[in-house]
Protein chains: 2
Amino acid sequence: MAPRTSSVAAPEGDPTTRDRILDIALELFTEQGYEATSLRQIAERLGYSKAAVYYHFATKDDILLTLHLRLHEFGASAMEAVDEQEWTPQAWADLLDLLIDQLLEQRALFLLQERNRAALEKLHRERHESDHDDLDATFQRILANPKIALGDRVRMACAFGALMGALVFNGNAFADVPSEELGDLLRGVVHDVLDPGPATR
Amino acid sequence: MAPRTSSVAAPEGDPTTRDRILDIALELFTEQGYEATSLRQIAERLGYSKAAVYYHFATKDDILLTLHLRLHEFGASAMEAVDEQEWTPQAWADLLDLLIDQLLEQRALFLLQERNRAALEKLHRERHESDHDDLDATFQRILANPKIALGDRVRMACAFGALMGALVFNGNAFADVPSEELGDLLRGVVHDVLDPGPATR
DNA sequence: GTCTATATAGGGATAGAC
DNA sequence: GTCTATCCCTATATAGAC
């Protein structure tokens, strides 16, 4: 029997065992990958046995799913703000402006996501009820929409990739840069990609 | 005993069994991830038994390593062309210009790399002799170099990420776009990121 | 809430026949 | 060059004692 209703929210007071498991899993899944990380390994770091982990999570998948859902809340709120409009590069820039703050706050979770795409896709297929408007899925839908000019779509994809390039690749080369400073730099890049000056138009 | 000295090059005439294994592995490793793909699965598609795979490759790791080395040849040649200079955004733009063509030709291999970073890092640690100037490693070194202004480094990272955003994320949303057209669009983006107009400077 | 012990399956890898 | 058969290990997951 589960100790409490499955909470997706981040830790508040003293970290519970459940939260500690999630923290450890986040780190190991990101470093080694989901499939390469065993519950034994998690239990070892936790200081308990494997069975203890099973008390808090029914399956290994549930650990990954819980972490995924944590990130999900963010994506959802960003999506609401700019749902289903006419997607112009400018509208996309506005969306990414919002996303940048969340990316900076949730870098670790985005990194997890990015480095475990295969595992998450499988999880998605098997568990995640229907088409729940994932951030990824929404992006893909928009970027495949032939009504938007190809050149615009490519720039939209590039603008998002640019954020990933700075925040998620290269093992956090900019981990020490204050979020505000980095955020400003990134907003500048997004602007230059989506609304380039007349010289390059 | 191996049927021939381990060849890294791409297939030429009729695909040998070895090449077929590599093709199947490339597809499965990319879709499902390296660790989630079993040799049994590869053997099944091949139409042979697991042991047949072991005739061509001593270990599972060797399959991944061979695919990695195939990509490696490209990165190496790109690196030579612009080795160890003073890294300015402009020099970076020149490097990425070269890289774009290779990315377009080798999209599948880059995708494999991108979606199996954890497994490849481990492989690298264990097998790949010392510091062999991987493309990734070189990028990380440069992007962490404090002698280059932070703003420039962020833009350099973003410019590379932009390419990834268009070519590697989003499940190949632009797979149907002719390489030449896509290449031109990407060169435009790289230029706007690394040499933005005066309005945004 | 955490433990030990165990069930069960599947993985990578090897030996040796054909 | 490919197969069958098999080994051994580790993985996830469960049952039930404390």
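Below, chains carry the letters A, B, ... as their sequence lines are ordered, and counting in each starts from 1. Remember, it's a predicted structure, so these values are computed and weren't measured experimentally.
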Quiz prompt | R115(A): side chain to side chain donor-acceptor pair (under 3.5 Å) partners, not counting sequence neighbours | solution = E121(B)
Exercise. Any ring pair (Phe, Tyr, Trp, His ring centres under 6.0 Å) involving residues 141-165 of chain A? Give me the pairs, sequence neighbours left out, ordered by first then second residue.
Key: F139(A)-F160(A)
Quiz item: Excluding sequence neighbours, so at least two apart, what forms side-chain contact (heavy atoms from CB on, under 4.5 Å) with A52(A)?
Solution: Y48(A), S49(A)
Exercise. For E44(B), check side chain to side chain donor-acceptor pair (under 3.5 Å) against everything at least two apart and list the hits.
Key: R40(B)
Exercise. On the 0 to 90° scale, with breaks at 30° and 60°, tag the H72(B)-H124(B) ring pair as parallel, tilted or perpendicular.
Key: tilted
Quiz item: Listed by chain and number, what are the side-chain contact (heavy atoms from CB on, under 4.5 Å) partners of Q113(B), not counting sequence neighbours?
Solution: H68(B), L71(B), L120(B)
Exercise. Mark up nucleotides 2-18 of chain C, 5' to 3', with B wherever a protein heavy atom is under 4.0 angstrom from a base atom, S wherever such an atom reaches only the sugar-phosphate, and - elsewhere.
Key: BBB------SBBB----
Practice problem: Please collect all salt bridge (charged side-chain N to carboxylate O under 4.0 Å, His left out) contacts where either partner lies in residues 45-65 of chain A, sequence neighbours excluded, each pair once. | Solution: E27(A)-R45(A), D62(A)-R127(A)
Quiz item: What bend angle does the helix from dG1(C)-dC18(D) to dC18(C)-dG1(D) show across its length, from five-pair end axes and to the nearest 10 degrees?
Solution: 10°
Exercise. Using whole Å, report how far CD1 of I21(B) lies from C1' of dG1(D).
Key: 11 Å
Quiz item: What residues form a side chain to side chain donor-acceptor pair (under 3.5 Å) with R117(B), not counting sequence neighbours?
Solution: E114(B), D136(B)
